[in-house]
There are 4 protein chains.
Amino acid sequence: MKQTSVADDVLRAALGLFAAQGYANTSVQQVVEQAGVTKGAMYHYFQSKDDLLFAIYDRMLTLQTDHLDAIVARGEPIEVTLRAVCVDVIETSIDFLLEGTVFFRSVHMLSQPRQQEVTRRRRAYHDTFAGLVEKGQAEGLYRTDVPRGVLVAHFFADVHYLPTWFSPEGPETKEQVAAQLTELFLTGIAAGPGRG
Amino acid sequence: MKQTSVADDVLRAALGLFAAQGYANTSVQQVVEQAGVTKGAMYHYFQSKDDLLFAIYDRMLTLQTDHLDAIVARGEPIEVTLRAVCVDVIETSIDFLLEGTVFFRSVHMLSQPRQQEVTRRRRAYHDTFAGLVEKGQAEGLYRTDVPRGVLVAHFFADVHYLPTWFSPEGPETKEQVAAQLTELFLTGIAAGPGRG
Amino acid sequence: MKQTSVADDVLRAALGLFAAQGYANTSVQQVVEQAGVTKGAMYHYFQSKDDLLFAIYDRMLTLQTDHLDAIVARGEPIEVTLRAVCVDVIETSIDFLLEGTVFFRSVHMLSQPRQQEVTRRRRAYHDTFAGLVEKGQAEGLYRTDVPRGVLVAHFFADVHYLPTWFSPEGPETKEQVAAQLTELFLTGIAAGPGRG
Amino acid sequence: MKQTSVADDVLRAALGLFAAQGYANTSVQQVVEQAGVTKGAMYHYFQSKDDLLFAIYDRMLTLQTDHLDAIVARGEPIEVTLRAVCVDVIETSIDFLLEGTVFFRSVHMLSQPRQQEVTRRRRAYHDTFAGLVEKGQAEGLYRTDVPRGVLVAHFFADVHYLPTWFSPEGPETKEQVAAQLTELFLTGIAAGPGRG
DNA sequence: AATGAATGAGGATTCATTCAT
DNA sequence: GATGAATGAATCCTCATTCAT
């Protein structure tokens with residue numbers, strides 16, 4: 001009943017190996033062995049090792065962008081929207097913990113055009129997020145004594161860092177961590193006396 | 001007693017190349033060419049390519065640990081100490097921006113023993129930092145409704161993320177960013193009504 | 001009874017690609033894509049890539065041999081026959097310029113048996129031509145102070161070289177070049193004082 | 001006492017194999033085995049398989065161009081010069097029979113830049129040759145009723161064709177063939193009644 | 001007749017490291 | 001201390017061909 005077993009198997013194997021030993025340290029041979037397919041079959045579905053890396057990113061980026069659009073489309077008040085966005089990125093980043101591990105280590109190994117494509121899509125996400133913060137500042141919700149770029153970086157830092165420390169076997173659940181980090185971030189950026 | 005030894009030239013070249021194109025994408029040949037030395041000369045000072053990577057980390061880790069010890073040794077009140085520590089790690093991380101770029105991307109490429117050595121030293125830093133937070137919580141300075149591990153991760157996330165976004169050519173200076181991120185972090189973790 | 005069969009499309013595509021980039025540099029995949037058919041369809045009509053090459057030669061060799069036989073069969077005087085033969089090979093070689101390009105570069109890529117088959121047929125043509133020269137020499141038309149093999153080679157050299165330099169877009173027409181090269185050749189081999 | 005045994009051995013092996021089985025049908029593995037060196041050693045002296053091909057051409061083109069310049073520099077009468085040039089190209093082409101075999105079959109396998117370099121140098125030779133013919137025509141030595149391009153092609157055809165038919169074991173010596181082909185060519189292009 | 005996924009052997013190239021000089 | 005030629009294992013990728021459908 002599987003649609004395309006080969007491509008899926010290869011991608012799953014690649015994800016596991018790239019996360020465990022790094023992209024550069026993983027040979028195509030290892031990937032196909034782990035996936036139980038032949039090299040030829042793999043190259044029937046993917047044009048290069050590079051493609052595997054990109055496909056891994058693609059799934060994650062697409063899903064997160066879709067979520068972001070959906071949340072913004074609900075048209076709720078800024079503070080509700082921003083909180084929902086924060087919680088969602090953190091939760092999906094935990095869902096894609098392996099992808100994240102691979103992502104942040106190995107984007108620079110992508111071919112130049114692909115790297116630009118990835119950067120473009122990440123920037124789009126980033127800009128939408130920054131737009132929400134800007135609107136919130138205009139409404140007096142968030143502080144303006146710190147440059148917006150720093151506020152935004154302060155949030156994505158948490159997302160970026162997740163694969164480094166979070167473990168599903170750890171004491172906190174995905175939902176708890178999402179709520180906690182979001183709380184820390186929003187408290188930090190809240191407007192208040194002497195914060196513009 | 002030479003100002004510019006072969007080893008220094010090689011390390012500088014390696015740092016630049018590793019940061020620009022990645023450790024795995026940089027050949028020893030490229031490093032020695034950039035450094036203006038021969039392969040034989042390099043292998044006289046370094047046992048392996050691995051050694052170059054480790055040496056890069058080593059300088060940064062040693063310096064940051066020394067700073068941490070010095071600040072703690074001053075024996076100032078917790079809130080003063082923690083703030084100083086935060087500012088210092090951020091500032092030195094900016095001083096070592098290239099090192100950081102290489103570090104976070106390529107630790108996993110080190111040989112197993114070396115990786116453990118690096119992890120051990122980073123954990124030591126991390127534990128000292130967590131100890132400061134714990135003391136502050138005991139004094140009622142920092143919130144306790146969020147697990148300490150999450151508070152600490154929330155800070156190191158900022159440090160970790162710096163090489164990704166900060167640019168010396170950007171609008172903010174190193175000192176400003178250090179102050180701003182520290183402020184966001186400390187505001188986020190501050191104790192308050194309903195925060196334990 | 002179809003005008004444009006799969007086989008024809010494939011051969012046309014193969015001819016163009018082989019001429020443009022070489023036989024070895026052209027993949028079967030490229031051929032079928034260019035022809036607008038699938039690999040399976042191609043392998044239904046041709047047993048191997050080798051077959052494509054041979055089919056290209058085959059058309060040209062068959063046609064030239066048929067022409068030769070027809071001209072000889074007319075039973076005209078030697079000098080008329082030889083001139084007609086020369087003009088015809090040159091003209092048909094220009095008609096089959098792409099075939100010639102491929103031919104002279106890639107015969108050695110054919111399977112051994114096929115290579116022999118091609119050689120056999122070329123030699124047959126060559127021998128008939130040499131026979132005409134021999135008869136002409138017996139009649140005192142052509143010089144005998146140069147070995148007959150050299151005289152014959154001197155002619156086929158011109159034919160062989162056509163794909164290298166002749167262009168339909170060039171200043172001379174096919175008919176002109178055929179007449180001119182024939183003239184140069186026949187003048188060169190003509191009997192005369194001190195030429196046996 | 002050998003200067004660089006490795007490079008020479010490799011080149012010699014490559015020449016033999018390329019001539020016998022074709023460039024595309026010869027693997028780098030075969031070349032190094034035949035040369036008795038390791039693959040790594042070969043790649044220390046040549047950047048690519050392509051390089052081997054180019055080096056083979058290079059030797060031949062350089063030598064022939066040098067000869068041409070030397071002969072022209074003697075400043076003898078046109079008819080003496082042209083005859084000497086013809087004889088020389090034919091003789092050196094026989095000396096480099098294997099190189100020629102490889103050359104004419106495989107130029108199109110070179111990388112684009114290298115192909116242009118080869119073409120440039122061949123054209124230079126060709127142009128000098130055409131210049132000699134032009135001068136001879138001006139002096140009334142050579143016919144003008146046939147376009148100069150065709151006259152020149154008629155000569156290079158012979159050179160081009162040599163590797164296809166000439167054999168050192170054949171009945172004629174290099175010197176004989178050179179004299180005979182030159183004679184056929186010069187007779188063919190000589191001025192005369194009704195030839196402009 | 002036709003499809004196109006899958007095979008599997010082979011190919012060119014890279015590169016960290018060694019070692020005789 | 002320093003050289004750079006040589007090693008040899010590993011890597012990514014290509015491709016003609018087959019075969020179940």
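Chain A is the first sequence line, chain B the second, and so forth, proteins listed ahead of strands; every chain is numbered from 1.
One finds a side-chain N or O of D:T38 lying less than 4.0 angstrom from the OP1 or OP2 phosphate oxygen of F:dT7. A sub-4.0 Å separation between OP1 or OP2 of F:dA6 and a side-chain N or O of D:H44 is absent.
The strand DNA chain E forms stems, runs of 3 or more Watson-Crick or G-U wobble pairs with distances below 3.5 Å, at E:2-21 with F:2-21.
In this structure, B:K39 atom NZ and F:dT7 atom P are separated by 14 Å, rounded to whole Å. Taking atom OH on A:Y45 and atom C1' on F:dT14, their separation rounds to 18 Å, with Å as the unit. The CG atom of C:L53 sits 13 Å away from the P atom of F:dA16 (whole-angstrom rounding). Summarising the geometry, the separation between CG on D:D50 and P on E:dG11 is reported as 18 Å, rounded to the nearest angstrom. Separating the CZ atom of D:F46 from the C1' atom of E:dT14 is a distance of 18 Å, rounded to the nearest angstrom.
Side-chain atoms of B:Y45 and B:D51, non-hydrogen and from C-beta on, never get closer than 4.5 Å to each other. Side-chain contact between D:F18 and D:L53 is present, with heavy atoms from C-beta onward closer than 4.5 Å.
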Using distance only, find each side-chain donor-acceptor pair of residues 31-40 of chain B under 3.5 Å and give its atom names and separation, not counting sequence neighbours.
| unit_1 | atom_1 | unit_2 | atom_2 | d |
| --- | --- | --- | --- | --- |
| B:E33 | OE2 | B:Q29 | NE2 | 3.1 |
| B:T38 | OG1 | B:A41 | N | 3.3 |
| B:K39 | NZ | B:Q29 | OE1 | 3.2 |

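The main-chain N or O of D:M109 is never found under 3.5 Å from a side-chain atom of D:S106 such that the two would form a donor-acceptor pair. For B:R122 (side chain) and B:L61 (main-chain N/O), no donor-acceptor pair under 3.5 Å exists by modelled atom type. Panel note: side chain A:D50, backbone A:L110; no donor-acceptor pair is recorded below 3.5 Å.
Listed by residue number, the members of residues 20-36 of chain C with any heavy atom below 4.0 angstrom from DNA chain F are C:T26, C:S27, C:V28.
Taking the nucleotide of DNA chain F with the nearest heavy atom to each of B:A41 and A:M42, the more 5' of the two is matched to B:A41.
Distances were taken from every side-chain heavy atom of D:K49 (C-beta onward) to each of F:dT17, E:dT13, F:dT3; the shortest belongs to E:dT13. The listed nucleotides are E:dA6, F:dA6, F:dT14; the one nearest the side chain of A:Y43 is F:dT14.
Seen from the ring of D:Y23, D:K49 counts as a face-on cation partner, given the 6.0 Å and 45° thresholds.
Under 4.0 Å is where a charged nitrogen must lie from a carboxylate oxygen, and between A:E117 and A:R120 at least one such pair does.
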Please step through side-chain contact (heavy atoms from CB on, under 4.5 Å) for the pair B:R114 and B:Y57, ending with a clear verdict. CA-CA 10 Å; B:R114 290 235 147 121; B:Y57 296 165; over 6 Å; no
